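As structure tokens, the structure follows; a few thoughts come after it.
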Amino acid sequence: MTAADRIDELRRWIAEADRAYYQLDAPTVPDAEYDRWIRELQALEAAHPALSRPDSPTRRVAGAPSPAFAEVRHAQPMGSLRTVMADDEAAVAAFVERIRKAGGEGEPRFSVEPKIDGLAVSLRYENGLLVQGATRGDGATGEEVTANLRTIRALPLALRLPPGQTPPALLEVRGEVHMPKAAFERYNAQAIARGEKPLANPRNGAAGSLRQLDARISAGRPLAFFAYGVGQVAGLELPPTHSATLRLLGTFGFPLAREIDVATGLEGLLAYHRRIGAARAALPYEIDGVVYKVDDRALHEVLGSTGREPNGSIAHKFPAQEELTVVEGIDVQVGRTGAITPVARLQAVSVGGVTVTNASLHNADQIARLDVRVGDTVVVRRAGDVIPEVLRVLPERRPCRADGSPQHPAFALPAHCPECGSAIERAEDEAVARCSGGLHCPAQRKQALLHFASRRAMNIEGLGERLVEDLVDFGAVKTVVDLYRLSLDDLLAMKRRADARDGVMAETVKSGKIPTRWAENLLGGIDQSRNTTLERLLFALGIREVGEATAKQLARWFGSLDALMAADVEALLAVPDVGPVVSARIHGFFAEPQHRAIIAELRAAGLHWPEGPAQGMAQGPLAGKSVVLTGSLDSFTREVAGAHLEALGAKVVGSVSKKTALLIAGEEAGSKLDKARELGIEVWDEAALIAFLQAQGRLPSV
DNA sequence: TGGCCTCGAGTTCA
DNA sequence: CTCGAGGCCA
């Protein structure tokens, strides 16, 4: 591709993305990708000045004003910030060095702030009253959106001044309009319930809301505001530092981001970047970086600006949370219950600082909804900052044949299990398709073994994915019972065959001695698991619909395995939280002769657990109450605290709802605490919990 | 019957 | 964390 072609292509892509973003309020391309296009285009135009054109998108910063609103010329231009990528510490160091040279002796001081992901506005207060509000637009000219801004509750319509003090003749306050995460989610849930189109993301929600022509629509949107600076001023002496100016704005009644701070020198800046980066997910609003501003106002002015970018400030970004990548293939995985899950194999891409190569596509419906195909360019993000997720496909980037038809067909689930060849079936009313092979399917067998060995089930240390894979592939283990029959010799023989298959030179040959440590550890882990509890065993068996909570309930209700196995459907229905579906599953499981045989053999292999009489309903001072634990506790883990509460009759659940009776909030409690406050649910801190447990005699009093 | 609550199951990477 | 589905209550 020639430079001219590439320039054309980039200009076309950018124009499309601009249109989607600014006119349709529905972004198609992640910001990080957009930034890269702009930078690449700038570089190409610099290298080939002949190809530069006055209408190139690099000639404007952002946002053509929409024709629907009156234009406002900013008396003092609203500049943009030079941005530094997350990993470019050298650029931050260079910035600090420049400031140090200009500033004379000592480490320079900075006002440091989170960079709110919203929409910059300028608010004009004349004689203390809000008279005009405008968007940033292209920096020189923005849109007049006063009526919409007035609907934002957080904005003072008049400056708050001590009695008797004359308001300044003119004060322009700059800040960021944004939509807090919780408000965004609430709004979307309601929008969906009303059958309206949900907002794409909080930032877009804020931008779209401000640009509503009907201010009543803006008023219905949960917008918030943080001040970050001032523009034109008359009749007011500003303090000598930026941080003091922000505090002054605070006294005038403007909301300020809580994370605003001051920092000294390079180390101080980088520490702030790390601190806010770590807290990012827990903040109630979206941020995409932090901003460093020279605190000394005079020095900031001396430093001047380059183009529209002040030299005394930079934005230090965080790693992008959304990225573009290409789908290299779509595989299917087989789960413990036979569930077939399609997985997108992705070209490796760094999202939020972590390399992502796989993303679950959940099920056939999801694939159909997204219409993902091999070769597609897709937007990926890490949902809840952890799990990669394919958000959408860029259809215009789909590889095509000469005749314009797509190169790859729409994805279809295979008819047969890739692991065992059994038919794949999908029940009428269910979203998931399943392999019908049952335990004949090696994939299901492996998953069943892993589940059995997992921490919350039998907790067999040393038995991981690789090992299970080999144990099943070489026929050393077929059912969970076989685990308890393994000998050291079996394991070593299997290891030799696995090494031979992988072409690994046997360690025996190299060193002359047999490494047996891993095998001994595994046998030790298996042996320890013989001593267990009924609820762990029930969970480990992998009965469909019986997870940890149900297993716990069954164990306490029946007290012994024999009582449970003897129970008919009727008796099972009496157990709380067990209905017709679950009771049929349990009864069906124990009716299978092979399952009864496995249980008998596990007992014969030495598995044992305490049994007692049937206990029925939970008793105790917290009987019948749902309790949620969140945040981190100092004196014990959430698990241990939960066990204490359960012993007092409480039901420990994971999420806060109207039915929650009590929330125990440790350090750094996040959204659950917010929700509990909102619902008016009783909240205890760790000290209150400890005092309660002591009063109940579950903890020694001090 | 509909609308919560919960639970179960599946998932990624270091 | 998220989706889907079971259980329970109005």
Side-chain angles (χ1 to χ4, degrees), chain A residues 181 185 188-189 192-193 281-282 319 321 323 325 331-346 348-367 369-370 380-391 426-435 443-444 446-448 450-451 454 456-457 464-465 535 538-554 572-586 624-628 630 651-661 670-672 675 679 681:
Chain A
K181 289 178 192 169
E185 260 143 45
N188 264 3
I192 290 167
Q321 305 279 88
E323 283 289 352
T325 188
D331 290 349
V332 297
Q333 281 178 3
V334 185
R336 170 166 68 87
T337 62
I340 299 288
T341 310
V343 179
R345 305 291 174 205
L346 305 169
V349 62
S350 172
V351 185
V354 184
T355 308
V356 169
T357 53
N358 299 311
S360 170
L361 295 167
H362 303 297
N363 55 49
D365 288 347
Q366 172 80 350
I367 293 195
R369 212 162 29 236
L370 293 167
V380 285
R381 120 179 126 179
R382 294 209 298 150
D385 276 349
V386 190
I387 294 165
E389 169 187 41
V390 173
L391 279 183
R426 182 173 172 185
E428 267 313 299
D429 48 350
E430 285 198 341
V432 286
R434 292 179 198 276
C435 159
Q444 290 189 49
K446 288 171 190 169
Q447 293 298 322
L450 277 172
H451 171 75
S454 66
R456 313 187 82 98
E465 203 168 332
E535 63 180 77
L538 290 176
F539 177 50
L541 288 173
I543 306 167
R544 281 279 297 278
E545 315 288 347
V546 177
E548 260 187 303
T550 311
K552 187 177 282 178
Q553 197 68 253
L554 290 169
L572 289 163
L573 277 171
V575 182
D577 302 330
V578 173
V581 174
V582 176
S583 89
R585 290 278 189 206
I586 298 168
K625 301 202 169 177
S626 284
V627 180
V628 176
T630 188
K651 187 176 169 74
V652 177
V653 299
S655 58
V656 176
S657 69
K658 273 189 294 194
K659 289 202 175 171
T660 308
S671 59
K672 286 179 192 172
K675 190 163 177 196
L679 293 170
I681 286 161

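In what follows, chains carry the letters A, B, and so on, assigned in the order in which the sequence lines appear, proteins first and then strands, with residues in each chain numbered from 1. What you see is a predicted model, and the numbers here were worked out from it, not measured in a lab. Just so it is clear, the values below take in all heavy atoms, side chains as well, and ignore hydrogens, waters and symmetry mates.
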Measure CZ/A/Arg345 against C1'/B/dC13 and give the value in whole Å, please. 14 Å
Taking the side chain of A/Ser626 as heavy atoms from C-beta outward, which of C/dG6, B/dT6, B/dC13 is closest to it? B/dT6
Nearest to the side chain of A/Thr550, which nucleotide is it out of B/dC13, C/dG6, B/dG8? B/dG8
May I ask you to decide if A/Phe539's main-chain N or O and A/His451's side chain share a donor-acceptor pair within less than 3.5 Å? yes
With a 4.0 Å cut-off on heavy atoms, is A/Lys651 in touch with a base, just the backbone sugar-phosphate, or nothing at all? sugar-phosphate
Report which part of the nucleic acid A/Val343 touches: base, sugar-phosphate, or nothing (heavy-atom distance under 4.0 Å, all strands). sugar-phosphate
With no hydrogens and no angle check, do the side chains of A/Thr337 and A/Arg434 hold a donor and an acceptor under 3.5 Å apart? yes
Check this one for me: any side-chain N or O of A/Asn358 less than 4.0 Å away from OP1 or OP2 of B/dT11? no
Examine B/dG8: is either OP1 or OP2 under 4.0 Å from a nitrogen or oxygen in the side chain of A/Thr337? Give yes or no. no
Pick the nucleotide of DNA chain B nearest each of A/Glu548 and A/Gln447; which residue has the one closer to the 5' end? A/Glu548
The nucleotide from B/dC7, B/dC4, B/dT12 with an atom nearest the side chain of A/Lys658 is B/dC4
When rounded to whole Å, the CZ to C1' distance for the pair A/Arg585 and C/dG7 reads 15 Å
Trace of the side-chain contact (heavy atoms from CB on, under 4.5 Å) decision for A/Lys651 with A/Val627: CA-CA 6 Å; A/Lys651 187 176 169 74; A/Val627 180; over 6 Å; no
Spacing of A/Glu389 atom CD relative to C/dT2 atom P, expressed in whole Å: 8 Å
Specify the separation, in whole Å, of atom CZ of A/Arg369 and atom P of C/dT2. 15 Å
B/dG8 C1' sits how many Å from A/Asp577 CG, rounded? 13 Å
Closest-nucleotide ordering on DNA chain B, the 5'-leading residue of A/Thr355 and A/Ala339: A/Ala339
Please determine, for the side chain of A/Pro580, which listed nucleotide (B/dC4, C/dG7, B/dT12) has the closest atom? C/dG7
What is the distance, rounded to the nearest whole Å, between atom CD of A/Glu545 and atom C1' of C/dC8? 16 Å
For B/dT11, take OP1 and OP2 only and decide whether either is under 4.0 Å from a side-chain N or O of A/Thr341. yes
Close side-chain approach of A/Asp331 and A/Arg345, heavy atoms under 4.5 Å: yes
Among B/dG10, B/dT11, B/dT12, the one nearest A/Arg336 by side-chain distance: B/dG10
Base, sugar-phosphate or nothing for A/Gln366? Non-hydrogen atoms, less than 4.0 Å. nothing
In the structure I gave you, are the side-chain heavy atoms of A/Ile340 and A/Val334 within less than 4.5 Å of one another anywhere? yes
Phosphate contact (B/dC13 OP1 or OP2) by A/Thr357 side-chain N/O below 4.0 Å: yes
Which nucleotide in the set B/dT6, C/dG7, B/dT12 lies at the smallest distance from any side-chain heavy atom of A/Val653? B/dT6
Between NZ of A/Lys181 and C1' of C/dC1 the distance, given in whole Å, is 14 Å
Can you tell me how far CG of A/Asp577 sits from NZ of A/Lys552, rounded to the nearest 0.5 angstrom? 12.5 Å
Rounded to whole Å, CG of A/Leu573 lies from P of C/dG6 at a distance of 14 Å
